[in-house]
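Okay, so here's the structure we're looking at.
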Amino acid sequence: MTNKADSLFGLDEDAQKDMLDRLREHSFALTEPSRTTDQDAPEPHGLGQHTALRRRAVTSVPEYFGSIAALPEYKQMCVQRLIAEKVGIMEPFFICHESIAKGKTRIQGQDFLNFATYDYLGLNGHPEVIAVAEQTMHEFGTSAGASRLVAGERPQHAALEKALAAMYGVADAVVFVSGHATNVSTLSTLLGARDAVYHDALAHNSLILGAVLSGAARYSYPHNDCEALERLLRQTREKHERVIIATEGLFSMDGSIAKLPELIALKQEYTCFLMIDEAHSLGTLGANGYGVSEHFGVDPTDVDIWMGTLSKTLCSCGGFIAGCSELVELLKYRAPGFVYSVGMSPPLAAASTKALEIMLREPERTSRLQALSAFFLHEAKSRGLNTGHAQGYAIIPIIVGSSLVAGYLAAALFQRKINVLPIIYPVVEEGMARLRFFLSSEHTEADILTALDALTEELPRAVEKFQ
Ligand SMILES: Cc1ncc(COP(=O)(O)O)c(C=O)c1O
């Protein structure tokens, strides 16, 4: 029996065998070579005649381990691509767009509705954002030069950090050049082998990777299940020294919201730090877009580590941590992703500061996004679509089951000038593949109806084709 979670696109064994046969035709090394003797191992793809002449010091290590083309991960990608090709699904990734990433986009000279951008509040390309980035670029160039620790700061860094800290009502903030690296670096700076991370099962890859790389113990609790988290804490908290409970505010794959008041109570009861990743909550939650603390009306200083990204609502690139001054000071001197990485490009820092200013000045952008998201959720549900855990805030998945159905649907909608990306195995488990819709305050109700009508028409065709 094929294990569904391990199967490729949920294909049955015959279909998989067929794919593997086709791959053999493409001369991939599909069977992991014998690990006993070097002589037994077949010549892996990509190693040509020259390797036979090369003298190898360690003959007990098969050359298989020196070939990227023979890596199982690479072969799996090739199989997925071949399957998609075989069933006539175009590759939906790395499509070149010819315009700013907004609610509408241009691809191959044609206008598309775009549900695959983080431009939640329509600030990407805003004239004030462009003007400040342009002016900063003329004065400070495009690069910070080197790590801020050694190369010094530019005024845009402090201005952005001050504005972020003020918004959260905390003492200080620090910006990193990547949101992903912010999580990885922060967790691995704060924790070590005697510590632990408790994270929501659906937490972002960067939180999980940060936990893994920190060397701390890692406990995953079922999505948004604070009772399960409490049970885990009761059973295991005392085994560890420092503990971080880490979760997303608004979940990026599911559009659900962390139960912040319960998490704060647990972190206080069990002496833990609480880290909230606000990548998708900033601009989308709360009357002013402050995020999940405003959504629940809790005191933001009850959260120890606010993390966010600059790549979504704040329309540039990078991440930040906001919290007490000791936290920020520690990260500025110790976090590898800050200390050993270049400072944020000054024009990008200025762009994010301006975007934050506009967000706070024009809360109607957030309310419009919230109204559109609620409209989307209501319309999707009324069409019988499966929106999973979505609560109607900016991110709404339509769960369709198999990766093939999701891929086919994305391709069908693309033909109808609607750009929405499939999220497939292994990003989500097989059977939970989906189309993920990101909404923008610049979408209209008519845009949403166009997309949902097209989806409702195409879905039965896709399901029938792959049943
Ligand atoms: C929840 C979450 N955290 C962190 C990141 C990483 O942020 P960035 O893309 O800015 O590196 C993402 C990326 O989308 C995310 O969704």
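Each ligand, and each atom within it, is numbered from 1 in the order the structure gives.
- Heavy atoms from other residues, nucleotides or ligands lying under 6.0 Å from CD of Gln108 number 12 at most.
- Using a 4.0 Å heavy-atom cutoff, Ser206 is listed among the residues neighbouring ligand 1.
- Heavy-atom proximity to Lys312, at under 4.0 Å, picks out these atoms of ligand 1: 5 (C), 7 (O), 8 (P), 9 (O), 10 (O), 12 (C), 13 (C), 14 (O), 15 (C).
- Residues Cys226 and Leu263 have side chains in contact (heavy-atom distance under 4.5 Å, counting atoms from C-beta outward).
- Close approach to Tyr118 involves these atoms of ligand 1, each under 4.0 Å from a residue heavy atom: 13 (C), 14 (O).
- For a threshold of 3.5 Å applied to N or O pairs, the pair formed by His180 and ligand 1 contains at least one separation below that value.
- When every heavy atom of His204 is checked against every heavy atom of Ser206, the shortest pair comes out as ND1-OG, 2.7 Å.
- For ligand 1 and Ser252, the ligand atoms under 4.0 Å from any heavy atom of the residue are 16 (O).
- Taking the charged nitrogens against the carboxylate oxygens, Lys267 and Asp302 have no contact shorter than 4.0 Å, which rules out a salt bridge.
- Screening Tyr393, Phe296, Tyr290 for a side chain to side chain contact (heavy atoms under 4.5 Å, CB included) involving Leu285 leaves a single residue, Tyr393.
- Between Gly179 and ligand 1, a contact under 3.5 Å exists for at least one N or O pair.
- Taking each of Ser311, Ser316, Cys317, Ala203 in turn, the one with a heavy atom nearest to atom 8 (P) of ligand 1 proves to be Ser311.
- With atom 2 (C) of ligand 1 as the reference point, the heavy atom nearest to it among Asp277, Asn183, Val177 is part of Asp277.
- Other residues, nucleotides and ligands contribute only 12 or fewer heavy atoms inside 6.0 Å of the CD atom of Glu227.
- A ring-centre distance under 6.0 Å is found for His443 and Phe115.
- By heavy-atom distance, the residue among His280, Glu278, His204 lying nearest atom 12 (C) of ligand 1 is His204.
- Close contacts between ligand 1 and Ala279 involve ligand atoms 1 (C), 2 (C), 3 (N), 15 (C) [criterion: under 4.0 Å to a heavy atom].
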